[in-house]
There are 2 protein chains.
Amino acid sequence: MITIDYKSRVPIYDQITGGIIRLKTLGVLKGGDKLPSVRSLALKLGINPNTVQKAYAILEADGIIYSVSGKGSFISEDSAAADAILESAADEFKMAVENARRMGLDRARLEAVISEIYEGGITDDKNS
Amino acid sequence: MITIDYKSRVPIYDQITGGIIRLKTLGVLKGGDKLPSVRSLALKLGINPNTVQKAYAILEADGIIYSVSGKGSFISEDSAAADAILESAADEFKMAVENARRMGLDRARLEAVISEIYEGGITDDKNS
DNA sequence: TTAACTGTACTATAACGGTTAGTACAGTTG
DNA sequence: CAACTGTACTAACCGTTATAGTACAGTTAA
């Protein structure tokens with residue numbers, strides 16, 4: 001399900017939130033699905049429960065999951081969650097752009113990459 | 001030449017290395033050009049000389065610049081290293097775009113993010 | 001009711017990275 | 001010699017991340 005790269009500089013709780021968002025985007029997790037409990041996931045990943053709890057708290061604050069004390073944490077159903085996921089994806093992309101710029105890539109280069117990805121061969125854009 | 005965003009979570013030395021690579025990519029700095037001294041750049045940016053030194057050390061390790069004790073630091077003539085960094089950064093960015101698309105972000109959203117980043121970043125300050 | 005689970009809320013601490021501060025030494029230049 | 005250059009240290013501070021431990025409240029099933 002979710003794998004953690006302990007060598008990475010990306011915080012573990014970030015990897016968890018990203019992993020769950022990805023799982024929902026891919027359709028593996030759907031609205032109403034129950035997530036592993038804080039303690040069980042921590043045990044499975046070999047990390048501290050507090051770290052999992054932090055990830056779940058962030059996901060809940062973003063509306064991606066909802067938690068019920070005593071019952072567990074579940075994937076959110078409402079469309080607000082989808083918006084939250086979009087927002088989260090946008091944030092991730094923003095970091096990627098910042099990184100690209102820091103590495104010296106100019107804007108034109110980025111635009112070229114985007115065109116390459118978003119134009120699968122048949123293009124419907126009129127200008128350019 | 002280089003501006004530092006002190007609010008950013010991106011380390012200052014990373015911003016410096018990226019800035020110099022970018023300046024070389026843009027053609028502002030060319031092979032053999034002399035860089036500001038460790039102490040003068042630190043003074044100009046209002047940071048500690050150690051931080052600049054760290055950035056220069058990284059750039060030298062990557063083959064982007066070369067330093068001569070007593071003389072200064074200079075842009076390397078061999079652009080292979082810089083090109084390699086650009087290439088790897090482009091690959092990384094490409095994966096980020098693919099991911100963003102998979103997450104459901106449309107092209108306009110990506111363009112907006114790019115504009116946001118590339119508008120406030122590079123400044124050609126003549127004062128200070 | 002009891003027991004075992006669930007989320008949640010704390011405090012304390014360790015570890016790490018980034019940055020600053022200060023000092024020192026060696027090479028270059030005028 | 002004086003003033004610059006890069007370089008190499010050590011020490012300290014701070015914020016973030018992660019761990020550790022404890023505690024409390026809600027849920028569920030035996």
Can you give me the closest heavy-atom contact between B:Tyr6 and B:Gly46, atom names plus distance?
OH-N, 4.5 Å

Are [X] and [Y] connected, step by step, through hydrophobic side chains (Ile, Leu, Val, Met, Phe, Trp, Tyr) whose heavy atoms are closer than 4.5 Å?
X	Y	value
A:Leu105	A:Phe93	yes
B:Val28	B:Tyr56	yes
A:Ile16	A:Met95	no

Can [X] and [Y] be counted as an ion pair, charged N to O under 4.0 angstrom?
X	Y	value
A:Arg109	B:Glu87	yes
B:Lys94	A:Glu116	yes
B:Arg107	A:Glu111	no

In whole Å, I'd like the distance from the [atom1] atom of [X] to the [atom2] atom of [N].
X	N	atom1	atom2	value
A:Ile58	C:dT8	CD1	C1'	15 Å
A:Gln53	C:dT11	CD	C1'	15 Å
B:Leu41	D:dC4	CG	P	17 Å
A:Leu45	D:dA18	CG	P	12 Å
B:Phe74	D:dT5	CZ	P	11 Å
A:Lys34	C:dT6	NZ	C1'	7 Å
A:Leu43	D:dA20	CG	C1'	15 Å
A:Leu35	C:dG7	CG	P	9 Å

Around atom NZ of B:Lys71, are there more than 12 heavy atoms of other residues, nucleotides or ligands at under 6.0 Å?
no

Verify the neighbour count for atom NZ of B:Lys34: are there more than 12 heavy atoms of other residues, nucleotides or ligands below 6.0 Å?
yes

Heteroatom pairs (N/O) under 3.5 angstrom, protein to nucleotides 13-19 of chain C:
residue	atom	partner	partner atom	Å
C:dG18	OP1	B:Tyr13	OH	2.9
C:dG18	OP2	B:Tyr13	OH	3.4
C:dT19	OP1	B:Ile12	N	2.4
C:dT19	OP2	B:Ile12	N	3.4

Examine D:dT7: is either OP1 or OP2 under 4.0 Å from a nitrogen or oxygen in the side chain of B:Ser67? Give yes or no.
yes

Can you give one letter per nucleotide of nucleotides 25-30 of chain C, going 5' to 3': B for a protein heavy atom under 4.0 Å from the base, S for sugar-phosphate only, - for none?
--BSS-

One character per nucleotide, please: for nucleotides 9-15 of chain D, 5' to 3', B when the base has a protein heavy atom closer than 4.0 Å, S when only the sugar-phosphate does, - otherwise.
B------

Measure the shortest side-chain to side-chain distance between A:Tyr118 and B:Leu110 over non-hydrogen atoms and say whether it is less than 4.5 angstrom.
yes

Does a side-chain heavy-atom distance below 4.5 Å link B:Asp5 with B:Val10?
no

Given C:dT8, C:dT6, D:dT5, which nucleotide is nearest the side-chain atoms of A:Ser37?
C:dT6

